[in-house]
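Remarks on the structure that follows.
When reading the values below, keep in mind they use all heavy atoms of this one structure, side chains included, and skip hydrogens, waters and symmetry mates.
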Amino acid sequence: MLIIKTNILNPISSDKVEFLPDTFISISDTKIESISKNIENRDFTDYSDSVCIPGLIDTHVHLSQYYVRGRHNSNLFDWLDNCTFPEELKSKDPQYAKKVAKDFFKASVKAGTTTSVIYTSPFKEACDIAFETAEKLGVRAIIGKTMMDTNSPEYLQEDTETSFRESVELFEKWNKKTELLEYVFSPRFAPVCSSQLMKMIGEFAQKNEAYIQTHLSENQDEIELVKKLFPKYKNYTEIYEKLGILGPKTLLGHGIHLDNEELEIIKNTESKIIHCPDSNFFLKSGVFPFEKIKKSGIDFALASDAAGGTSISMFNVMKMTCYRQDDYTVSPEEAFYYATLGGAKVLGKEDIIGSIEVGKDADIVFLKIPEQNKYNCSELLSKLIYVNEEVEIISTLVAGRKVF
Ligand code: GUN
Ligand code: FE
């Protein structure tokens, strides 16, 4: 049993955060056993000079792109062709794949992220290595091999059968192998995936209750290309719907330029939208209609989308979420919620992670905010988001185990 005295900053809803100063958290094995003002046991770790928050959740990040964060290009397709695709090829070399996986996960826990939903590259061994690395470090991760079987550079393109078979093999090897690891089928996006591949993924995922992730409606050129490649569909979202890859466990990256009909499809299929504000800034993709999506009742959450995003820090993502909107003010409470409990909700894991509550897994980050004693709850929260470069992360726990 581990007992810690600290100050808890906890998301309650998208509009509400609670602050519990001088509180004892007791952790038994993987779970939070109690949260109380007093404790009989005198034997506790004193973190009263720190604040603790639930582990941050990054619901869309490209591990194999970790080293090319911030490499400038003026738009999505140039960036993919000139920077991203050649970088993903490097992970064909297992030594390179090992190094990037290790560096990625180390930086991730150091930045307070405890759960990540990850694309790797189109190489089976690189995905295997990412899982091994996550397992060794003890992080919570949902990982998939990026799939692309058409219209792709020759050096990344797979044939349809191989792409599907290797993904199924990885699913069978890793999905729920431990409490912390799951597999996500990862057809990159419609421009590089055949209808046949998407259909096979949809059927398998539905039968096996597997996660699926892809990109949707990120960029105008992408939308134009998709119209040409799939002329018989009414819109981009309908392609995914008709090919069977939408559902409650489907995570749709971006979703910036969707019309009302498309939002209706997403809502009806209970698919989720993943908002990646830093990436949208960096690649000039457009402005995510935050208020409209919130009002639509579609579940959504935040993500770094590194290396489309320049940073894997969810503190940076929260700040960018607030900055990216022109006509709507995202509150610090909202940004915090969609990087924690809201992230857990899109993954169907709000009973396990996302906030510091009795019975949940102990995914917790301890951090120091300069002069924190001076501040009330909302001041602390806005410091945490807007002045995040001054926040010092002391320790990160995943399921009660120290990973940083
Ligand atoms: N669309 C297809 N692939 C990618 C990718 O790797 N990053 C981003 N941001 N968008 C994509
Ligand atoms: Fe992405």
Side-chain angles (χ1 to χ4, degrees), residues 29-31 54-64 66 91 94 97-98 100-147 165-187 201 204-205 207-213 248-251 272 274 301 303-304 306 312 314 340 343-354 360-365 396-404:
D29 191 18
T30 59
K31 292 195 188 312
L56 298 168
I57 300 177
D58 186 351
T59 52
H60 178 136
V61 60
H62 298 259
L63 176 148
S64 308
Y66 178 65
S91 285
K98 267 181 204 160
V100 70
K102 222 168 154 184
D103 288 346
F104 169 84
F105 282 118
K106 271 196 182 160
S108 173
V109 293
K110 193 175 172 196
T113 299
T114 52
T115 300
S116 308
V117 186
I118 294 171
Y119 289 79
T120 51
S121 59
F123 304 104
K124 186 182 177 194
E125 195 174 355
C127 185
D128 221 29
I129 288 167
F131 270 111
E132 282 166 7
T133 312
E135 185 177 30
K136 213 182 269 170
L137 190 59
V139 295
R140 197 182 297 275
I142 305 175
I143 307 175
K145 181 180 88 73
T146 302
M147 304 167 90
R165 177 177 43 78
E166 289 186 346
S167 295
V168 169
E169 285 165 2
L170 286 162
F171 172 86
E172 278 163 357
K173 177 169 176 188
W174 289 105
N175 192 52
K176 300 190 180 170
K177 183 183 173 204
T178 72
E179 291 289 315
L180 302 179
L181 299 177
E182 281 176 85
Y183 192 77
V184 54
F185 282 82
S186 309
I201 295 166
F204 185 91
K207 224 182 275 165
N208 294 279
E209 292 181 27
Y211 285 108
I212 297 177
Q213 64 178 345
K249 292 188 84 170
T250 298
L251 311 171
K272 319 301 184 200
I274 306 304
S304 71
I312 58 160
M314 290 303 292
T340 53
K345 192 163 180 228
V346 301
L347 303 178
K349 296 190 184 301
E350 68 271 32
D351 295 336
I352 305 170
I353 53 172
K360 284 195 177 182
D361 278 13
D363 287 19
I364 304 176
V365 180
T396 304
L397 306 184
V398 177
R401 211 180 122 206
K402 193 166 175 172
V403 292
F404 171 72

Quiz item: Which residue pairs satisfy the side chain to side chain donor-acceptor pair (under 3.5 Å) criterion with at least one member in residues 105-117, sequence neighbours excluded?
Solution: none
Practice problem: Could you tell me whether the side chain of Tyr183 and the main chain of Val168 form a donor-acceptor pair under 3.5 Å? | Solution: no
Quiz item: When you look at NZ of Lys31, are more than 12 heavy atoms from neighbouring residues, nucleotides or ligands closer to it than 6.0 Å?
Solution: yes
Practice problem: Measure the spacing between CD1 of Ile57 and NZ of Lys345 and express it to the nearest 0.5 Å. | Solution: 13.0 Å
Quiz item: Counting N and O atoms only, with roles assigned by atom type, does the side chain of Lys272 sit under 3.5 Å from a partner on the main chain of Ala301, one being a donor and the other an acceptor?
Solution: no
Quiz item: Taking it one step at a time, do Val61 and Phe104 satisfy side-chain contact (heavy atoms from CB on, under 4.5 Å)?
Solution: CA-CA 10 Å; Val61 60; Phe104 169 84; 3.7 Å; yes
Quiz item: Which pair of heavy atoms, one from Val100 and one from Ser91, lies closest together, and at what distance?
Solution: CG1-OG, 4.0 Å
Self-check item: Heavy-atom closest contact (Leu63 atom, Ala130 atom, distance)
Solution: CD1-CB, 4.1 Å
Self-check item: Any residue meeting side chain to side chain contact (heavy atoms under 4.5 Å, CB included) with Asp351, in chain and number order, not counting sequence neighbours
Solution: none
Quiz prompt | Glu350 CD to Lys360 NZ distance, which is reported to the nearest 0.5 Å | solution = 7.5 Å
Quiz prompt | Contact list for residues 133-142, test salt bridge (charged side-chain N to carboxylate O under 4.0 Å, His left out), sequence neighbours left out | solution = Glu135-Lys177, Arg140-Asp361, Arg140-Asp363
Quiz item: Roughly how far apart are Lys102 NZ and Thr133 OG1, rounded to 0.5 Å?
Solution: 8.5 Å
Quiz item: Once you round to the nearest 0.5 Å, how far does CD of Glu132 lie from CD1 of Ile143?
Solution: 10.5 Å
Show me the donor-acceptor pairs within less than 3.5 Å that the side chains of residues 117-128 make with the rest of the protein, sequence neighbours left out.
| unit_1 | atom_1 | unit_2 | atom_2 | d |
| --- | --- | --- | --- | --- |
| Tyr119 | OH | Thr214 | N | 3.2 |
| Tyr119 | OH | Thr214 | O | 3.4 |
| Thr120 | OG1 | Gly144 | O | 2.8 |
| Lys124 | NZ | Glu169 | OE1 | 2.6 |
| Asp128 | OD1 | Lys173 | NZ | 3.2 |
| Asp128 | OD1 | Trp174 | NE1 | 2.7 |
| Asp128 | OD2 | Lys173 | NZ | 3.0 |

Quiz item: Who passes side chain to side chain contact (heavy atoms under 4.5 Å, CB included) against Lys349, sequence neighbours left out?
Solution: Ile142, Glu182, Tyr211, Leu347, Ile353
Practice problem: Taking ring-ring contact (aromatic ring centres under 6.0 Å, His included) as the test, write out the residues that go with Phe171, two or more places apart. | Solution: Phe185, Phe204
Quiz item: What's the shortest heavy-atom distance between Ala303 and Ile274, and which atoms?
Solution: CB-CG2, 3.4 Å
Quiz item: Is it true that atom CD of Glu172 has more than 12 heavy atoms of other residues, nucleotides or ligands lying nearer than 6.0 Å?
Solution: yes
Self-check item: Approximate separation, where rounding is to 0.5 Å, of Ile312 CD1 and Leu56 CG
Solution: 11.0 Å
Quiz prompt | Interatomic distance, Met314 atom CE to Thr340 atom OG1 [nearest 0.5 angstrom] | solution = 9.0 Å
